[in-house]
Amino acid sequence: MVFLPPTMPSAAPMKEMLVLVDDRDREIGTAEKLDAHRQGRLHRAFSVFVFDAAGALLLQRRADGKYHSGGLWTNTCCGHPRPGEAVEDAAHRRLGEEMGFDCALRNVGSIVYELAVTEGLTEHEFDHLFIGRADAAPRPDPQEVQEWAWMPLVSLRESMQRAPQAYTVWLHAIVAQAGFARLTQWSAAAAQAPEASG
């Protein structure tokens, strides 16, 4: 696990561009992030699941100021590669930007979903899934993450059933498509991996 210094926001942030893809993840163009979500355009994305040595999943609670799904719990981090950026490179970048650390990641597959989120936006994503291992406490950016927790998968399953509204729609979609049996396999595989040293 490698801790990273916080990134400094620019005075005039540029519009974030997403990579539009077809149903086989072949690039077909680009679109500005908010436009892509307003129009429900299929775009490339990733979701990271970091586990500790005991197999607990690192969850984050999104900051209230996020442009959608603020205040909801979700997987360790997620995001979109920039045009010309490899998906795994983007996953490492966002892990550092959101959670303040980096670790080795392994691609474990991909899923596609089209889900309505808040403010009339749609998450229509070709989502690449990554797992990793870390054990120390993260150092999240408070503009991205307001709270975090290590949660055993058994507890996560119970919590998502008891309070589904507390979790993001894409975490529900990933869990529904992958199943907790597969998440348990990811957890075991990540727990056996050596933790990266900084």
Side-chain angles (χ1 to χ4, degrees), residues 9-10 12-50 57 59-99 105 107-131 140-141 143-146 156 159-161 163-180 182-183 186:
S10 60
M14 292 172 27
K15 288 186 176 181
E16 184 176 349
M17 302 301 293
L18 305 188
V19 178
L20 302 178
V21 297
D22 64 13
D23 59 4
R24 295 186 181 181
D25 196 36
R26 294 176 297 202
E27 295 185 24
I28 60 172
T30 61
E32 193 274 325
K33 181 166 76 170
L34 197 54
D35 288 341
H37 288 87
R38 283 173 175 157
Q39 299 166 14
R41 311 250 346 238
L42 180 60
H43 57 275
R44 188 173 290 155
F46 58 83
S47 293
V48 177
F49 291 75
V50 172
L57 175 62
L59 298 175
Q60 64 151 284
R61 188 176 173 213
R62 290 165 61 87
D64 287 333
K66 297 288 281 185
Y67 75 105
H68 70 73
S69 307
L72 300 184
W73 287 93
T74 196
N75 51 291
T76 311
C77 89
C78 58
H80 312 95
R82 297 165 175 159
E85 183 181 28
V87 180
E88 185 170 342
D89 291 344
H92 284 289
R93 171 176 57 80
R94 283 305 287 166
L95 188 56
E97 291 171 353
E98 292 188 16
M99 302 302 284
L105 297 175
N107 190 312
V108 291
S110 60
I111 65 170
V112 176
Y113 46 74
E114 186 173 5
L115 305 163
V117 292
T118 53
E119 290 102 35
L121 305 177
T122 298
E123 285 286 14
H124 191 191
E125 298 186 325
F126 195 109
D127 194 14
H128 296 260
L129 309 175
F130 292 88
I131 63 171
D141 178 350
Q143 293 187 345
E144 298 280 356
V145 177
Q146 63 177 295
L156 177 61
S159 180
M160 292 181 73
Q161 291 173 345
Q165 72 282 358
Y167 294 87
T168 61
V169 293
W170 61 88
L171 181 59
H172 279 289
I174 294 168
V175 167
Q177 291 193 43
F180 269 96
R182 191 171 175 203
L183 265 69
W186 296 349

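By convention here, the first residue in the shown sequence is residue 1. This one's a predicted model, so the numbers in the text were calculated from it and none came from an experiment.
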Between S47 and W170, is there a side-chain donor-acceptor contact under 3.5 Å, judged purely by atom types and distance? no

Have a look at H43 and tell me which of H80, M17, E27 forms a side-chain contact (heavy atoms from CB on, under 4.5 Å) with it. H80

Using 30° and 60° as the class boundaries, would you call the ring planes of Y67 and H37 parallel, tilted or perpendicular? perpendicular

What's the shortest heavy-atom distance between L183 and V175, and which atoms? CD2-CG2, 4.1 Å

Check each of L156, L129, V50, L171 against N75 using the side-chain contact (heavy atoms from CB on, under 4.5 Å) test, and report the only one that passes. L171

Quick check for you: to the nearest 0.5 Å, what is the distance between F46 atom CZ and F126 atom CZ? 15.0 Å

Min side-chain heavy-atom separation T76-L59 under 4.5 Å: no

I'd like to check L72 versus R61 (side-chain heavy atoms, cut-off strictly below 4.5 Å). Are they in contact? no

Test log, rule side-chain hydrogen bond (donor to acceptor under 3.5 Å, both in side chains), inputs Q39 and H124: CA-CA 9 Å; Q39 299 166 14; H124 191 191; over 6 Å; no

What's the separation between atom OG in S110 and atom CZ in F130, rounded to the nearest 0.5 Å? 9.5 Å

Beyond-backbone contact of V112 with D127, side-chain heavy atoms, under 4.5 angstrom: no

Please walk me through it: do T168 and W73 pass side-chain hydrogen bond (donor to acceptor under 3.5 Å, both in side chains)? CA-CA 6 Å; T168 61; W73 287 93; over 6 Å; no

Counting neighbours of CZ on R41 that are heavy atoms of other residues, nucleotides or ligands and sit closer than 6.0 Å, is the number greater than 12? no

Could you tell me which non-hydrogen atom of A36 sits nearest to which non-hydrogen atom of L18, and how far apart they are? CB-CD1, 4.0 Å

Test salt bridge (Lys or Arg N to Asp or Glu O under 4.0 Å), reference R94, set E144, E88, E16, E85, output is E144

Once rounded to the nearest 0.5 Å, what's the spacing between atom OG of S69 and atom CD of E123? 7.0 Å

For the pair Y113 and E125, evaluate side-chain hydrogen bond (donor to acceptor under 3.5 Å, both in side chains) and give the outcome as yes or no after the intermediate values. CA-CA 6 Å; Y113 46 74; E125 298 186 325; 2.6 Å; yes

